[in-house]
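Read through the structure below, which is laid out as structure tokens, and then see the notes.
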Amino acid sequence: MKIHVEVPATTANLGPGFDAIGLALNLWNEAEFTCTNDSNIRVTVSGEGEETLPQNAENAIAQAALQIYDLAEKSCPGLHIQCLNRIPLGSGMGSSSAAMLTGMLGANGLLGNPFTDEEILKLAIETEGHPDNVAPAMLGGLVASILHKERVISMRLPTKANHGPIHTTVVLPDFDFPTQQARAILPKEVKRIDAVYNISRAVLVTEALRTGDLALLGIAMKDSLHQPQRLPLIPGAIAALEAGKKAGAAAVALSGAGPSLIAFSPKEEPAIGAAMQAEFNSAGLDARIFELSTSYEGAEVTIV
Ligand code: HSE
């Protein structure tokens with residue numbers, strides 16, 4: 001028996017929804033899990049990270065899978081995980097959350113599903129630490145998460161009212177900006193005026209995504225809790241954000257903790273990505289463009 005797992009990329013924060021909201025994107029990692037009897041953990045990777053990711057038990061997907069075996073109190077005879085990675089690593093598009101969920105869902109499938117989807121989601125959030133990526137990757141669509149009595153509650157919000165998928169253009173500069181570093185530079189405390197600024201806009205971002213009101217999205221997708229500190233550290237990012245809007249994007253935000261930026265528009269508009277890419281190029285960085293629709297589907301597990 002083989003288990004096939006697909007997990008989508010995600011964009012967290014969406015401007016003002018820092019650490020609280022995230023959205024699934026149509027860019028999918030795939031992995032096939034096969035139980036073997038040779039007591040080896042072998043990971044083969046093609047696509048993103050194929051030259052750098054560990055191909056043994058050190059691999060993040062393998063680690064997450066082994067965590068499930070441990071929790072289920074089962075020993076893993078041997079495992080081959082064949083990965084096709086499309087989500088770029090360290091990009092702000094949720095590659096670590098996708099890896100975590102992939103490993104957990106794959107192992108859970110091989111074991112005959114001892115854990116429910118809800119338990120896997122909870123475990124992945126506790127282990128990965130970022131509900132705003134993990135939850136939309138698991139559930140699909142737009143998801144808000146809160147911490148309640150040391151427990152994460154994640155809720156899918158409606159986004160499908162009267163409009164089709166909103167188009168996004170993610171532009172990823174070739175710049176190392178690890179999430180840990182991007183968090184360490186943020187102040188531990190915030191001013192009330194900044195908190196109110198973000199709370200009010202985050203509510204309107206969710207409403208804009210529900211109704212497909214891109215004009216409202218453009219007004220609301222602003223932030224005063226993390227982008228002002230992070231954007232200046234990514235060469236060309238401030239100019240790229242403005243260039244995306246000038247080229248026709250309704251709204252542009254840092255995707256997760258960066259370094260990628262995400263632009264929202266009613267349909268694919270190549271000028272948006274090109275304008276943003278040009279600003280990163282002017283700052284001396286190569287940049288890749290991903291034209292992606294939002295995904296209403298979350299992670300999928302099939303038996304092959
Ligand atoms: N919300 C997190 C941050 C990103 O902005 O640091 C999660 O990947």
Side-chain angles (χ1 to χ4, degrees), residues 7-25 27 29 48-49 60 64 85 87-102 121-147 152-155 157 168 170-173 175-190 194-195 197-199 201-202 205-206 209 221-234 237-238 241 251-262 290 292 294-295 298-299:
V7 182
T10 45
T11 184
N13 299 332
L14 298 158
F18 179 66
D19 276 359
I21 54 178
L23 180 67
L25 301 172
L27 180 70
N29 278 1
E48 301 289 335
N85 286 351
I87 309 172
L89 308 177
S91 59
M93 296 163 81
S95 67
S96 345
S97 298
M100 174 75 49
L101 280 176
T102 300
L121 175 60
K122 181 172 179 293
L123 193 62
I125 289 172
E126 282 168 7
T127 314
E128 214 274 342
H130 296 297
D132 46 343
N133 282 116
V134 177
M138 183 75 179
L139 304 173
L142 175 67
V143 179
S145 301
I146 58 169
L147 193 61
V152 178
I153 298 176
S154 294
M155 187 147 294
L157 303 174
T168 71
V170 180
V171 183
L172 170 63
F175 183 70
D176 196 28
F177 195 49
T179 302
Q180 213 183 355
Q181 181 193 340
R183 294 184 76 79
I185 56 151
L186 301 179
K188 295 269 174 295
E189 287 172 10
V190 300
D194 293 328
Y197 184 97
N198 271 51
I199 293 164
R201 280 164 183 77
V205 162
T206 63
L209 291 173
M221 195 171 269
K222 308 264 167 58
D223 162 77
S224 62
L225 293 181
H226 65 111
Q227 293 189 174
Q229 290 84 0
R230 289 169 167 175
L231 287 172
L233 300 180
I234 307 167
I238 294 173
L241 191 143
V252 187
L254 194 60
S255 184
S260 59
L261 296 180
I262 183 163
F290 298 79
L292 304 170
T294 55
S295 172

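In listed order, ligands and their atoms are each counted from 1.
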From CA spacing to verdict: side-chain contact (heavy atoms from CB on, under 4.5 Å), Val134, Leu121: CA-CA 7 Å; Val134 177; Leu121 175 60; 3.9 Å; yes
For residues 137-147, which side-chain donor-acceptor pairs fall under 3.5 Å, sequence neighbours excluded?
residue	atom	partner	partner atom	Å
Ser145	OG	Ser154	OG	2.9

If you measure from CG on Leu209 to CD1 on Ile21, what distance do you get to the nearest 0.5 Å? 7.0 Å
Note every protein N or O atom lying under 3.5 Å from an N or O atom of ligand 1, pairing the names and giving the distance.
residue	atom	partner	partner atom	Å
ligand 1	1 (N)	Asn13	OD1	3.0
ligand 1	1 (N)	Asp19	OD1	2.5
ligand 1	1 (N)	Asp132	OD2	2.6
ligand 1	5 (O)	Asn13	ND2	2.8
ligand 1	5 (O)	Arg230	NH1	2.8
ligand 1	5 (O)	Arg230	NH2	3.4
ligand 1	6 (O)	Arg183	NH1	2.5
ligand 1	6 (O)	Arg230	NH2	2.8
ligand 1	8 (O)	Asn133	OD1	2.5

Side chains of Asp223 and Asn198, donor plus acceptor under 3.5 Å: yes
Contacts of type ring-ring contact (aromatic ring centres under 6.0 Å, His included), residue Tyr197, not counting sequence neighbours: none
Return all side-chain donor-acceptor pairs below 3.5 angstrom for residues 178-187, not counting sequence neighbours, or 'none' if the list is empty.
residue	atom	partner	partner atom	Å
Arg183	NH1	Asp19	OD1	3.0
Arg183	NH2	Asp19	OD2	2.7

